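Worksheet: the structure to be examined is printed underneath.
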Amino acid sequence: RRQQLVQQLLDSEDVNRINAGIRAAQQMPEGSLPEVRAHLRHPHPAVREAAVRSLAERGGTPEEFIEVLADPDPDVVEAGVEALGRISGLAQRQGLVDMLPSLPLKAWEGLLAALISMDDPALAPGLMASCRARLLEANRQLAAIQLLKPRMGLPARSVPPTNLKS
């Protein structure tokens, strides 16, 4: 009976009822997690945020939280950063560091913020290497833009970009 009530809340069109369903699902057995996960793609940001926070409490995966870092709503992104910041265990944390190079910039920034919030000195070398690689790539892109601007009839920057050395 309780599962049916929770399901009715989760299936509702009303944002407040859906959020109540997500909160109630946290008290239910693991069987309600697929319904909560489905709300990670809900059109309303408050529902997506509630789903992230619920999954952070029980059963969310790092991949799910990394995916929400690309969300257009800053509250959803913040919930994802907080969820990732709770991950413990050096192997899992190092796995997150290893994911950094493959992420788009917005997700990279969010994951980097989560990893920094862990305040784990063992992660520092990998975080520094990832930041250095991003800076080098950004410098290369700026240099390419400066070279292409005159050919495209655009004004060149008055100050050339700094050359970063690895």
Side-chain angles (χ1 to χ4, degrees), residues 1-138 140-141:
R1 171 89 178 124
R2 185 173 186 197
Q3 181 66 35
Q4 288 175 328
L5 292 173
V6 170
Q7 192 61 50
Q8 287 174 352
L9 290 170
L10 290 171
D11 291 341
S12 172
E13 295 294 319
D14 179 73
V15 170
N16 293 324
R17 290 178 58 86
I18 295 169
N19 285 345
I22 290 171
R23 286 190 304 275
Q26 283 183 280
Q27 311 304 317
M28 302 294 292
E30 299 288 323
S32 57
L33 286 179
E35 288 85 5
V36 173
R37 279 190 170 92
H39 286 85
L40 289 172
R41 289 174 183 68
H42 192 276
H44 198 285
V47 173
R48 295 192 307 272
E49 179 185 357
V52 171
R53 293 192 186 284
S54 176
L55 289 171
E57 294 295 322
R58 5 175 341 212
T61 66
E63 293 77 17
E64 288 171 321
F65 301 134
I66 288 170
E67 188 175 318
V68 302
L69 297 177
D71 196 280
D73 186 85
D75 294 331
V76 177
V77 172
E78 181 181 328
V81 169
E82 290 172 10
L84 287 163
R86 292 180 178 176
I87 292 175
S88 60
L90 184 58
Q92 271 196 298
R93 289 178 171 186
Q94 191 58 53
L96 294 175
V97 171
D98 294 342
M99 291 176 154
L100 283 168
S102 66
L103 296 176
L105 183 59
K106 186 175 180 192
W108 179 84
E109 289 173 339
L111 181 54
L112 182 66
L115 290 164
I116 290 170
S117 76
M118 293 174 183
D119 200 26
D120 186 341
L123 303 178
L127 297 178
M128 295 294 290
S130 182
C131 290
R132 186 177 300 111
R134 285 283 174 164
L135 286 171
L136 287 169
E137 182 60 30
R140 287 184 187 112
Q141 290 177 10

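Worth saying up front: this structure is predicted, and the values here are computed from it rather than measured.
Nearest approach of Val52 to Gly80, heavy atoms of both residues: CG1-N, 3.7 Å. Closest of all the heavy-atom pairs between Glu64 and Thr61 is OE1-N, 2.8 Å. Closest non-hydrogen pair, Arg58 versus Ala25, comes out as NH1-O, 2.6 Å. Minimum heavy-atom separation, Arg134 to Pro101: NH2-O, 4.2 Å. The two residues His39 and Leu10 come nearest to each other via the heavy atoms NE2-O, 3.0 Å. Between Ala46 and Asn19 the shortest heavy-atom distance is O-OD1, 3.6 Å.
Side-chain atoms of Ser117 come within 3.5 Å of backbone N or O of Ala114 as a donor-acceptor pair. For His42 (side chain) and Ala38 (main-chain N/O), no donor-acceptor pair under 3.5 Å exists by modelled atom type. The backbone N or O of Met99 sits less than 3.5 Å from a side-chain atom of Ser102, completing a donor-acceptor pair. Side chain of Arg93 to backbone of Leu115: no donor-acceptor contact under 3.5 angstrom is found.
Between Glu63 atom CD and Leu84 atom CG the span is 9.5 Å, to the nearest 0.5 Å. Atom CG of residue Leu96 and atom CD1 of residue Ile66 lie 5.5 Å apart, to the nearest 0.5 angstrom. Interatomic distance, OG of Ser130 versus CG of Leu123, reported as 11.5 Å (0.5 Å rounding). To the nearest 0.5 Å, the span separating CG on Leu112 from CG on Leu69 amounts to 11.0 Å. The SG atom of Cys131 sits 11.5 Å away from atom CG of Leu136, with the distance rounded to the nearest 0.5 Å.
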- Derivation of the side-chain contact (heavy atoms from CB on, under 4.5 Å) call for Val76 and Leu40: CA-CA 9 Å; Val76 177; Leu40 289 172; over 6 Å; no
Could you give me the CA-CA distance, side-chain angles and deciding distance for Lys106 and Val77, then say whether side-chain contact (heavy atoms from CB on, under 4.5 Å) is met? CA-CA 10 Å; Lys106 186 175 180 192; Val77 172; 4.1 Å; yes
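Checked for salt-bridge contact, Arg41 and Glu67 meet the test: a charged N lies under 4.0 Å from a carboxylate O. A salt bridge links Arg48 to Asp71: one of the charged nitrogens lies within less than 4.0 Å of a carboxylate oxygen. Here Arg53 pairs with Glu49 in a salt bridge; the nearest charged N to carboxylate O distance falls below 4.0 Å.
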